Amino acid sequence: MDYREMYVEMGISKEVVDYSESVVKSLEERFKKIDEIAELNQLKVLAALQKAGISEAHLTGTNGYGHNDMGRDALEEAYAAYFHTEDALVRGQIICGTHALAIALQANLRPGDEMLSPVGKPYDTLEEIIGIRESLGSLKEFGVKYRQVDLLPDGCFDWDGIRNAINEKTRLVEIQRSKGYSDRRSFSPKEIGEIIRFVKSIKPDLICMVDNCYGEFVCAEEPSDFGADMVVGSLIKNPGGGLAPIGGYIAGTKACIERCAVRLYAPGLGKEQGPSLNLNKDLIEGFFLAPTVTASAEKSAILAASLFEKVGFSCHPTADTKRMDIIQAITLGSKEALLAFCEGIQAAAPVDSFVRPEADDMPGYEDKVVMAAGAFVQGSSIELSADAPIRPPFTVYFQGGLTFPHGKYGVIKALDTMYKKGFIKLL
Ligand SMILES: *Cc1c(COP(=O)(O)O)cnc(C)c1O
């Protein structure tokens, strides 16, 4: 049996299969370039694991206080080697990206300090960490001030605005690589490096921190290769390779990482504590798989943009834009179309495929959110998933796909669901 017949057997309309196949064919050159980046990053990760001397003994962990957790320490050494940083904190006690970002900010800011976002409003969940939205325990409550410089209308950095925003109180600059739930573009590590160079030329002791969520392994370099003092992300996104069941990382300078470790645990309790329990094998193996898993997700995102753009939906980034992360935003124009898309993604899942996603309140988010994910790890967005805040213009954020065939099937299923409900006409 041919795989195309299998799509039809699984309920996809024949015309949707034919349309999708013609689009996939046109992407071969693009995909080849992504495979080359994946190959480079696979070698970089392999070299990092070898440099850290990963051995069989590292695949088991400790419990209790977690003293002498060799696997945990070796994994952190491998992260530091890959990101070219002095040190790293890679822990299962960090539950997600938001948690890792909160630790990095709370650890490195003191009362009276100011933090600056030079690239506009940060990711939704950071609003409560910072206190942009009133929240219990925010940095604002602890006397840390926040300043923001928006991008210029053409999407460029507002260099004058950034210069004017830096003052004697500015301590930390937070730069978000991926667009998150906003409609700006995502930045390349090199562009982030330009901001870092600029702000450090004004105030050399500024701590430059990058929210690297969804960006890892997409490019040949990381923001830490361009002077970031800390790069921060979630292990249930790119760097966990789909195997990490929990976790976050912060890679950076020795001083920053030490402050993060005592903030995560307690003053006096630093990196030497923190049991990995049974996580070491999954975190190490996930890191090993992450470059090719990320490439699968990136290809799925490009396929989604290519398929939906041609039938009239606005895609961000556009189908032919070079990627800086794995997120694909597609503006679907109505709540009903958005729910149909998410229904298709959910129906393509290996877990909970029979569930129909609905919009609901989510901690950390202001609007109701709909999330489609039938994942092995709850909330894992390196696995095929789609989510959207319920607000005009009804943009869905699509990401993930541990394998390209699954990402492809998900996109086709979403397209087919919308097609059958009359939201799409095939040319
Ligand atoms: C996902 C994401 C976060 C938050 O991560 P969670 O793991 O969902 O808490 C922060 N910043 C950006 C840009 C993200 O994409």
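Note that the structure is a prediction, hence the values are computed from the model and not measured.
No hydrogens or angles considered: a donor-acceptor pair under 3.5 Å links the side chains of Gln148 and Tyr146.
For the pair Glu309 (side chain) and Ala305 (backbone), a donor-acceptor distance under 3.5 Å is absent. In this structure a side-chain-to-backbone donor-acceptor pair under 3.5 Å is missing from Glu258 to Thr253. For the pair Arg72 (side chain) and Gln273 (backbone), a donor-acceptor distance under 3.5 Å is present. Without hydrogens or angle criteria, Glu114 side chain to Arg171 main chain gives no donor-acceptor distance under 3.5 Å. Side-chain N or O atoms of His84 include none that pairs as donor or acceptor with a backbone N or O of Phe226 at under 3.5 Å. Between the side chain of Ser135 and the backbone N or O of Gly131 there is no donor-acceptor pair closer than 3.5 Å. Glu383 places a side-chain N or O within donor-acceptor distance of the main-chain N or O of Phe376, the cut-off being under 3.5 Å. At distances below 3.5 Å, not a single donor-acceptor pair connects side-chain atoms of Ser276 with backbone N or O atoms of Leu279. A side-chain donor-acceptor contact under 3.5 Å links Gln42 to the backbone of Phe288.
We find the CE-CG distance between Met418 and Leu332 to be 4.5 Å, quoted to the nearest 0.5 Å. To the nearest 0.5 Å, the span separating CD on Glu128 from CG on Leu139 amounts to 12.5 Å. With values rounded to the nearest 0.5 angstrom, Leu269 atom CG is found 10.0 Å from Leu264 atom CG. Rounding to the nearest 0.5 Å gives a distance of 14.0 Å between CE of Met115 and NZ of Lys145. To the nearest 0.5 Å, the span separating NZ on Lys368 from CZ on Arg391 amounts to 14.5 Å. Leu338 CG to Thr395 OG1: the interatomic distance, rounded to the nearest 0.5 Å, is 8.0 Å.
When all heavy atoms are compared, the tightest approach of Gly270 to Val262 is CA-CG1, 4.2 Å. Residues Pro189 and Pro223 approach most closely at CB-N, 3.8 Å, considering heavy atoms. Heavy-atom minimum distance, Pro357 versus Leu339: O-CD2, 4.3 Å. Listed here is the closest heavy atom pair of Gly241 and Leu289: O-CB, 4.4 Å. Across every non-hydrogen atom of Ile246 and Ile94, the tightest pair is CG1-O, 4.0 Å. The two atoms that bring Asn41 and Cys219 nearest to each other are ND2-O, 3.0 Å, heavy atoms only.
Note on Lys254 versus Glu86: no salt bridge recorded, every NZ/NE/NH1/NH2 to OD/OE distance being 4.0 Å or above. A salt bridge does not link Arg30 to Asp320: none of the charged side-chain nitrogens sits closer than 4.0 Å to a carboxylate oxygen. One finds no salt bridge joining Lys44 and Glu221 here, because no Lys/Arg side-chain nitrogen approaches an Asp/Glu carboxylate oxygen to under 4.0 Å. With respect to the salt-bridge test (charged N to carboxylate O, under 4.0 angstrom), the residues Glu343 and Lys421 qualify. Salt-bridge annotation for Glu134 and Lys140: present, with a side-chain N of the basic residue lying under 4.0 Å from a carboxylate O of the acidic one. Here Lys32 does not pair with Asp35 in a salt bridge; the nearest charged N to carboxylate O distance is not below 4.0 Å. Taking a cutoff of 4.0 Å between a charged side-chain nitrogen and a carboxylate oxygen, Asp69 and Arg91 do not qualify as a salt bridge. Using a cutoff of 4.0 Å between basic side-chain nitrogens and carboxylate oxygens, Asp416 and Lys420 are scored as salt-bridged.
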#### Entry: Pair Thr331-His316, side-chain contact (heavy atoms from CB on, under 4.5 Å): steps then yes or no
CA-CA 8 Å; Thr331 298; His316 184 59; over 6 Å; no
### Task
Check step by step if side-chain contact (heavy atoms from CB on, under 4.5 Å) holds for Leu151 and Phe157.
CA-CA 5 Å; Leu151 299 172; Phe157 303 129; 3.7 Å; yes
### Query
Does the salt bridge (charged side-chain N to carboxylate O under 4.0 Å, His left out) test come out yes or no for Lys271 and Glu76, once each step is laid out?
CA-CA 10 Å; Lys271 286 190 76 197; Glu76 289 181 337; 3.3 Å; yes
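In this structure, Lys237 forms a cation-pi arrangement with Tyr123, its terminal cationic atom sitting closer than 6.0 Å to the ring centre and no more than 45° off the ring axis.
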Can you list, pair by pair, the side-chain donor-acceptor contacts under 3.5 Å of residues 205-217, counting residues two or more places apart and other chains?
{"from": "Asp211", "atom 1": "OD1", "to": "Cys213", "atom 2": "N", "distance (Å)": "3.1"}
{"from": "Asn212", "atom 1": "OD1", "to": "Arg177", "atom 2": "NH1", "distance (Å)": "2.8"}
{"from": "Asn212", "atom 1": "ND2", "to": "Glu222", "atom 2": "OE1", "distance (Å)": "3.1"}
{"from": "Asn212", "atom 1": "ND2", "to": "Tyr249", "atom 2": "OH", "distance (Å)": "3.2"}
{"from": "Tyr214", "atom 1": "OH", "to": "Ser381", "atom 2": "OG", "distance (Å)": "2.7"}
{"from": "Glu216", "atom 1": "OE2", "to": "Tyr249", "atom 2": "OH", "distance (Å)": "2.6"}

